[in-house]
S.K.: 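One structure, pasted below without further comment.
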Amino acid sequence: MAILAQTPPMGFNTWNTFGANINEQMMLEITDMIVEQGYRDAGYEYVVIDDCWSLRERDEDGNLVPDPEKFPHGMKYVADYVHSKGLKFGMYSCAGTRTCAGFPGSFDHEYQDARLFASWGVDFLKYDYCYFPANGDCKNRYLTMAQALRASGRDILFSACNWGWHEPWNWMRSIGAHMYRSTGDIWDNFPSTSGIMKSQMDKFNANAAGCFNDMDMLTVGMNGQGNVGDPNCNTYTEYETQFAYWCFCGAPLMMGADIRKVGEEYRTLLQHKGLIALDQDAECRPALMLKEWNGCNTFVRHLADGEFAIGVFNFHENDQYAVVMFSDLGVPVGSGVKLALTDVMTGEQLAPRRDDLMAEVKGHHFRIWRAKFVD
Ligand code: GLA
């Protein structure tokens, strides 16, 4: 069997834009777009159907049944199409007796459902936490599905979603999840996005190859439209910040906008090579928050090949001047070394320097540099 999730999983999920309005045709179109618009080449791999794909009841054998109006050829047909484009196919179920939208959940059906998903060619399972019985044992039930997937005979990435309840960063890796939702649902506005960002600053230590902290699907490019859309949606600047933070932290990148319709600037952002390189860095180390000053948080993150990234995120709506003192990064002035810095967004290379760096950070925006040592 393959080792899954060696770097943060990347893909598309239906929930943020489409909610219950999903069907075969749009899944095929999204799949085509991922290839034709360059997302596959940028690293996006999993095409995931979220809640609301099944009928309200299981069949007489206890099997889940795809809604024939939404998916007239069944799920294997969609999976085969996704696979024919060199991509992987994801589906959704729930650890409770019902999904969050009230469709049948997998409680007490874990092995049966895992086998059914495997028979359809599913490569990824998002597993939610609604309608979980009060006398149920949460960890044991996530472990049971992790084992059921492993026993299914197919490599299926386990995307466990329990909204950060019961401190999942302490046990989701051990029970066999490949990513775990660490927060409640994202909405397409800056208070929601920045709330998620702040809530996870000190919880990234468990982020490493094989299992990643999932801060929820991206809203980049939704522009107020869709299921989690908001008329007071993020601005382009704020979308950039969302994408950059997810990448800086090495979080899974699951697109939530209707990529058949997003503007060119969002496609470019979602495929930003420098940011995606941070997200997918081979060393998979977590980011470390160094300090908070005037609404700006400074982070450092070790990267492969001895480089590291410095990030300053401004949660304040006003522009700020941020000072990054190299001693905070573990590089005091007496070290005798200098840092060569490259701005990840502009590509600007700064002359090697010691001591500190002062930079303007726009309101609700960020600066990220890649750093390396020079004599
Ligand atoms: C929960 C999850 C969401 C989405 C919905 C579907 O709210 O957190 O990501 O899957 O359920 O009903």
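Nothing here was measured: the structure is a model prediction, and the numbers come from that model. Because only heavy atoms are used, hydrogens play no part in the values below, and waters and symmetry mates are left out as well, while side chains stay in. Position 1 is the first residue of the sequence; numbering continues from there.
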S.K.: Between Arg370 and Leu303, is there a donor-acceptor pair closer than 3.5 Å when you use the side chain of the first and the backbone of the second?
M.R.: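 Here the side-chain-to-backbone pair does not exist.
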S.K.: Output yes when a side-chain donor or acceptor of Thr219 lies under 3.5 Å from a complementary backbone atom of Asp188, and no otherwise.
M.R.: no
S.K.: For residues Val122 and Leu4: do they belong to one hydrophobic cluster (side chain heavy atoms under 4.5 Å, members Ile, Leu, Val, Met, Phe, Trp, Tyr)?
M.R.: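 In one cluster with Val122: Leu4, yes.
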S.K.: May I ask you to establish whether Arg56 and Phe103 are in a cation-pi arrangement, using a distance under 6.0 Å from NZ or CZ to the six-membered ring centre and at most 45° from the ring axis?
M.R.: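 Pair Arg56/Phe103 counts as cation-pi.
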S.K.: Taking the ring of His364 and the ring of Phe190, is the distance between their centroids below 6.0 Å?
M.R.: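 That pair passes the under 6.0 Å test.
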S.K.: For Tyr92 together with Trp53, are the ring centres under 6.0 Å from each other?
M.R.: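 Between Tyr92 and Trp53, which both carry aromatic rings, the centre distance is not below 6.0 Å.
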S.K.: Please verify the inter-ring angle class for Phe158 with Tyr127; under 30° counts as parallel, over 60° as perpendicular, anything in between as tilted.
M.R.: tilted
S.K.: Can you see which heavy atom on Tyr266 is nearest to which on Val220, and at what distance?
M.R.: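 Heavy atoms of Tyr266 and Val220 come nearest at CD2-CG1, 4.0 Å.
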S.K.: Please tell me if the side chains of Pro133 and Phe107 come closer than 4.5 Å, counting only heavy atoms from C-beta onward.
M.R.: yes
S.K.: I'd like to know if Cys100 pairs up with Cys130 as a disulfide, counting it only when the SG to SG distance is below 2.5 Å.
M.R.: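 Yes, the SG atoms sit under 2.5 Å apart.
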S.K.: Within the distance-only criterion (no hydrogens, no angle test), does the side chain of Glu110 pair as donor or acceptor with the backbone N or O of Asp113 below 3.5 angstrom?
M.R.: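 No: the side chain of Glu110 does not pair with the backbone of Asp113.
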S.K.: For the pair Tyr46 and Phe124, name the ring-plane relationship: parallel under 30°, tilted 30 to 60°, perpendicular over 60°.
M.R.: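 If you compare the ring of Tyr46 with that of Phe124, the planes turn out tilted.
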S.K.: Taking the side chain from Asp67 and the backbone from Ser54, do they hold a donor-acceptor pair closer than 3.5 Å?
M.R.: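 Side chain of Asp67 to backbone of Ser54, a donor-acceptor pair under 3.5 Å: no, none is there.
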S.K.: Does the Lys70 side chain pair with the main chain of Pro66, one donor and one acceptor, at a distance under 3.5 Å?
M.R.: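 No.
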S.K.: Any idea how Phe366 and Phe313 line up, ring-wise: parallel (<30°), tilted (30 to 60°), or perpendicular (>60°)?
M.R.: parallel
S.K.: Backbone N or O of Asn318 within a donor-acceptor pair of the Asn314 side chain at under 3.5 Å?
M.R.: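 Such a contact is found between Asn314 side chain and Asn318 backbone.
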S.K.: Report yes or no: does Asp123 contribute a side-chain atom to a donor-acceptor pair with the main-chain N or O of Phe89 at less than 3.5 Å?
M.R.: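 Present.
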S.K.: Using only atom types and a distance under 3.5 Å, with no angle test, would you say the side chain of Arg267 pairs donor to acceptor with the backbone of Gln37?
M.R.: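 Yes; at least one donor-acceptor contact below 3.5 Å.
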S.K.: With no hydrogens and no angle check, is any side-chain donor or acceptor of Trp246 less than 3.5 Å from a backbone partner on Asp216?
M.R.: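 Yes.
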S.K.: Test the Arg154-Phe117 pair against the cation-pi criterion, namely NZ or CZ under 6.0 angstrom from the six-membered ring centroid and within 45° of the ring axis.
M.R.: no
S.K.: Under a 3.5 Å cutoff, is there a donor and acceptor pairing between the side chains of Asn213 and Ser182?
M.R.: yes
S.K.: Quick check for you: to the nearest 0.5 Å, what is the distance between Glu264 atom CD and Thr268 atom OG1?
M.R.: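 If we round to the nearest 0.5 Å, Glu264:CD and Thr268:OG1 are 4.5 Å apart.
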S.K.: Looking at Gly176, is its backbone amide N or carbonyl O close enough to the side chain of Arg150 to form a donor-acceptor pair, meaning the two atoms are under 3.5 Å apart?
M.R.: yes
S.K.: Given side chains that start at C-beta, do those of Trp369 and Leu357 come closer than 4.5 Å, heavy atoms only?
M.R.: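 Yes, close enough: below the 4.5 Å cut-off.
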S.K.: Should the pair Tyr142 and Tyr129 be assigned to parallel (<30°), tilted (30 to 60°) or perpendicular (>60°) ring geometry?
M.R.: tilted
